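Any value given below was found using the heavy atoms of this structure, including those in side chains, with hydrogens, waters and symmetry copies removed. Residue numbers run from 1 in the order of the sequence given. Bear in mind that the values here come from a model prediction, so they are computed numbers and not experimental data.
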Amino acid sequence: MRTTVFLNNDREMPLLGLGVYKTEDSEAETAINAAVKAGYRLIDTASVYKNEESVGKAIAKCGIPRKDLFITSKVWNTAQRLGDIDGAFYRSLERLKLDYVDLYLIHWPVPGCYLGTWQALEKILDSGRALSIGVSNFQIHHLEELKKVSGIIPAVNQIECHPLCYPRELIEYCESEGIQVQAYAPLARGAYFDNDVMCVLATKYARTPAQIGLRWAIQKGISVIPKSVHPDRIASNGNIFDFTIEDEDMAIIDTLDEDFHSSHVPEDLRDVIF
């Protein structure tokens, strides 16, 4: 069963990764070690998470060759407003103690900044220090604006996506443009674990509601980066490649969408209409 996807620049990315949002320094090494043992090879961090240094230490100790890992980080809004994209990127590399990242993302489309940020990311891509570049939290109109100033299509658009938040139009647009969708908060912080439909399907497939939600995304070709610091849950979340949800059940899960967001727009963008 497929566990990776090829991005639009022919680089291979795992469909499953570990998110480390709000993972404390002391927890990062334990979480990453557990993830690696469970078969994860993608680790997703960001400068604003304030844990890149701990993530870097965990990567160095995990026992997996660097070439076999896929490491993502992101440029934060403050650096965009200051025009300090290069500085932010190299500080991330220094904290991670890496020569390159596999994927570097614009964390949010800061108005008046994100087009210039993208052009700076293009230069970072050319330098070879980021093997792919992409975006996060971009809507269709943001992606359309990028097309007007750049011939490089984002490799990834990382968005909140799970059974209770299924932005079908955006996902279909990304697919048509060759942009890989990656779901952050794919567990919705547990919001669908008690959902009747998800519980019935979990019983049917002898899985947990979390595994059903993650498998639903994977079957749609959407990469997922569930966050956990508990080794048993990390292993359970990764156990999604040995079963298939039937088409009629996939369609039922699709109907659960209620545009529920478990994440929040950052304070500095609260007045922005996305």
- [ ] Verify the neighbour count for atom CG of Asp194: are there more than 12 heavy atoms of other residues, nucleotides or ligands below 6.0 Å?
- [x] no
Open item on the list: Atom CD of residue position Glu169 - does it have more than 12 heavy atoms of other residues, nucleotides or ligands inside 6.0 Å?
Closed with: no
Open item on the list: Does this structure show an ion pair linking Asp99 with Arg66, if we count only N-O contacts that are shorter than 4.0 Å?
Closed with: no
TODO: Sort and list the pairs that fulfil salt bridge (charged side-chain N to carboxylate O under 4.0 Å, His left out) and have at least one residue in residues 144-153, not counting sequence neighbours.
DONE: Glu144-Lys147, Glu145-Lys148, Lys147-Glu177
TODO: Would you indicate whether Asp271, at its atom CG, is surrounded by more than 12 heavy atoms from other residues, nucleotides or ligands within a distance under 6.0 Å?
DONE: no
Task: Sequence-distant partners of Thr203, side-chain contact (heavy atoms from CB on, under 4.5 Å), two or more places apart - done: none
Open item on the list: Is it the case that atom CZ in Arg233 sees more than 12 heavy atoms from other parts of the structure closer than 6.0 Å?
Closed with: no
TODO: Among residues two or more places apart or on two chains, list those pairs meeting ring pair (Phe, Tyr, Trp, His ring centres under 6.0 Å) that have a residue in residues 25-53.
DONE: Tyr21-Tyr49, Tyr49-His107
Open item on the list: Going by the rule ring pair (Phe, Tyr, Trp, His ring centres under 6.0 Å), which residues pair with Tyr173 if we only count those two or more places apart in sequence or in a different chain?
Closed with: none
- [ ] Please lay out, stage by stage, how Ile152 and Leu121 fare under the test side chain to side chain contact (heavy atoms under 4.5 Å, CB included).
- [x] CA-CA 10 Å; Ile152 297 179; Leu121 259 62; over 6 Å; no
Task: Criterion side-chain contact (heavy atoms from CB on, under 4.5 Å) against Val5, the qualifying member of Gln180, Glu12, Gln182 - done: Gln180
Task: Pairing residues for Tyr192 by the ring pair (Phe, Tyr, Trp, His ring centres under 6.0 Å) criterion, not counting sequence neighbours - done: none
Open item on the list: Are Val224 and Leu15 packed together at the side-chain level, in the sense that at least one heavy-atom pair is separated by less than 4.5 angstrom?
Closed with: no
- [ ] Determine, stepwise, if the pair Ser228 / Leu187 fulfils side chain to side chain contact (heavy atoms under 4.5 Å, CB included).
- [x] CA-CA 10 Å; Ser228 180; Leu187 301 177; over 6 Å; no
- [ ] Could you pull out the closest heavy-atom pair between Ala35 and Leu18, with the gap in Å?
- [x] CB-CD2, 3.9 Å
Open item on the list: So for atom NZ, which belongs to Lys22, do other residues, nucleotides or ligands contribute more than 12 heavy atoms lying within a distance under 6.0 Å?
Closed with: no
Open item on the list: Counting C-beta onward and ignoring hydrogens, is there a side-chain heavy-atom pair between Leu143 and Cys174 closer than 4.5 Å?
Closed with: yes
Task: Any residue meeting side-chain hydrogen bond (donor to acceptor under 3.5 Å, both in side chains) with Arg189, in chain and number order, not counting sequence neighbours - done: none
Open item on the list: Could you measure the distance from the OG1 atom of Thr45 to the CD1 atom of Ile71? Nearest 0.5 Å is fine.
Closed with: 9.5 Å
Open item on the list: Checking one residue: Leu131. Which other hydrophobic residues are in its cluster under the side-chain 4.5 Å linking rule?
Closed with: Tyr100
TODO: Would you please name every residue forming a side-chain hydrogen bond (donor to acceptor under 3.5 Å, both in side chains) with Asn9, sequence neighbours left out?
DONE: Ser132
TODO: With sequence neighbours excluded, tell me which residues meet side-chain hydrogen bond (donor to acceptor under 3.5 Å, both in side chains) with Tyr166.
DONE: Lys220
Open item on the list: Evaluate Trp216 against Met250 for side chain to side chain contact (heavy atoms under 4.5 Å, CB included), listing each step before the verdict.
Closed with: CA-CA 7 Å; Trp216 167 82; Met250 290 287 289; 3.8 Å; yes
Open item on the list: If the condition is side-chain hydrogen bond (donor to acceptor under 3.5 Å, both in side chains), which residues does Lys204 pass it with, not counting sequence neighbours?
Closed with: Glu246, Asp249
Open item on the list: Whether the Glu52 and Ser92 side chains hold a donor-acceptor pair (N or O, under 3.5 Å, no angle test) is what I'd like checked.
Closed with: yes
Task: Least distance between heavy atoms, Ser47 atom then Arg95 atom - done: CB-NH2, 3.7 Å
- [ ] Could you check Ile85 against Lys123 for side chain to side chain contact (heavy atoms under 4.5 Å, CB included), going step by step and ending with a plain yes or no?
- [x] CA-CA 10 Å; Ile85 312 307; Lys123 294 178 181 177; over 6 Å; no
Open item on the list: So for atom CG, which belongs to Asp196, do other residues, nucleotides or ligands contribute more than 12 heavy atoms lying within a distance under 6.0 Å?
Closed with: no
Task: Atom pair CG (Leu93) and NZ (Lys97), whose distance is rounded to the nearest 0.5 Å - done: 10.5 Å
Task: No-hydrogen, no-angle side-chain donor-acceptor test under 3.5 Å, Ser236 and Gln211 - done: yes
TODO: With the side chain counted from C-beta on, respond yes when Ile212 and Ile253 share a heavy-atom pair under 4.5 Å apart, and no when they do not.
DONE: yes
Task: side-chain contact (heavy atoms from CB on, under 4.5 Å), paired with Met13, selected from Asp102, Thr4, Val156, Thr72 - done: Val156
Task: Pairs where residues 32-48 contributes a residue and the test salt bridge (charged side-chain N to carboxylate O under 4.0 Å, His left out) is met, not counting sequence neighbours - done: Asp44-Lys74
Open item on the list: Under the rule for salt bridge (charged side-chain N to carboxylate O under 4.0 Å, His left out), what residues qualify as partners of Glu53, not counting sequence neighbours?
Closed with: Lys57
